[in-house]
Q: 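Quick one: the structure is below, questions incoming.
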Amino acid sequence: MIMRLIDTHCHIYSQEFDADRAEMIGRAENEGIKMMLMPAIDSSTNEAMFRVEKDYPGRCISMMGLHPCSVKETLRDELLIVQKNFEERKFIAVGETGLDFYWDLSYVEQQKQAFQQQIEWALQYDIPVVIHSRNSIDACIEMISQNQKGKLKGVLHCFSGSLEQAKKIIDLDFYLGIGGVLTFKKSGLDAVVEQLDLNNIILETDAPYLAPVPFRGKRNECSYLKFVAEKLAEIKKMPVDEVANITTANAEKLFQLKN
Ligand SMILES: [Zn+2]
Ligand SMILES: [Zn+2]
């Protein structure tokens, strides 16, 4: 059975796919993935992202933003490049932005500044903001909360937090992006997701990272999204095509995609 799916977060312009990108996208489409949404990282990867978007029109679609791990002393210049891109054309979302307190704590204040600026662009252009968090969910919730005056929309991608954090994010009118971590033993995410309404969930791979079981530890690719959908169906005790339909409709609504 072919599902109707959208991979809402995949870095398929990454060098990891340079050798077999067309085949990889072909495999994804064979699994029913009709659209692949690509979060930006920084100015060093934009060109590759735009090239993939041009090669697969209407199928691979770019966001625009600055990843928190790319926030360094070059912050000002990087944000000017993001701003220029927003002035030149439309994007489906701002991102990925957010806070990453795992790798490096030397630019926490700058990460917050960059995040705040990108939230403001999301509001200005009326598009969703795609948020990355690592060791920083509560700080991300705080930032969303401060800016949520009824108009801000988006997703906390690769969510792996607690039920309490999930509920706060949903109360702020945000979606939870669920990916391969759901299939990891001992992640605890299955018990959290069991308590959540599917209407608050969208699916993602974050390829080439975080491959689901049975490919954990290997390069992730968009076709593996089906393993996330199947796990979610198992947890929710629902048919997998129903899980696919609901989460895909959520993605279409959030990113204002035509179905
Ligand atoms: Zn991320
Ligand atoms: Zn990402």
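As the structure lists them, so they are numbered: ligands from 1, and atoms in each ligand from 1. The model shown is predicted, which means the values in this text are computed figures rather than measured ones.
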Q: Establish, for the pair Arg89 and Phe91, whether the NZ or CZ atom is under 6.0 angstrom from the six-membered ring centre and no further than 45 degrees off its axis.
A: yes

Q: The Zn ion (ligand 2) is nearest to which N, O or S atom of Glu96?
A: OE2

Q: Report the atom name of the nearest N/O/S atom of Asp206 relative to the Zn ion (ligand 2).
A: OD1

Q: Compute both the distance and the angle, then confirm whether Arg51 meets the cation-pi test with Tyr13: under 6.0 Å from the six-membered ring centre, within 45 degrees of the axis.
A: no

Q: Taking NZ, NE, NH1 and NH2 as the nitrogens, is one of them in Arg21 or Glu221 under 4.0 Å from a carboxylate oxygen of the other?
A: no

Q: Between the side chains of Asp77 and Lys72, is the shortest nitrogen-to-carboxylate-oxygen separation below 4.0 Å, so that they form an ion pair?
A: no

Q: Classify the ring geometry of Phe86 against Trp121: parallel below 30°, tilted from 30° to 60°, perpendicular beyond 60°.
A: tilted

Q: Which of the N/O/S atoms in His132 sits closest to the Zn ion (ligand 1)?
A: ND1

Q: At less than 2.8 Å, would any N/O/S atom of His157, backbone or side chain, sit next to the Zn ion (ligand 2)?
A: no

Q: Decide, counting backbone as well as side-chain atoms, whether Cys10 has an N, O or S atom less than 2.8 Å from the Zn ion (ligand 2).
A: no

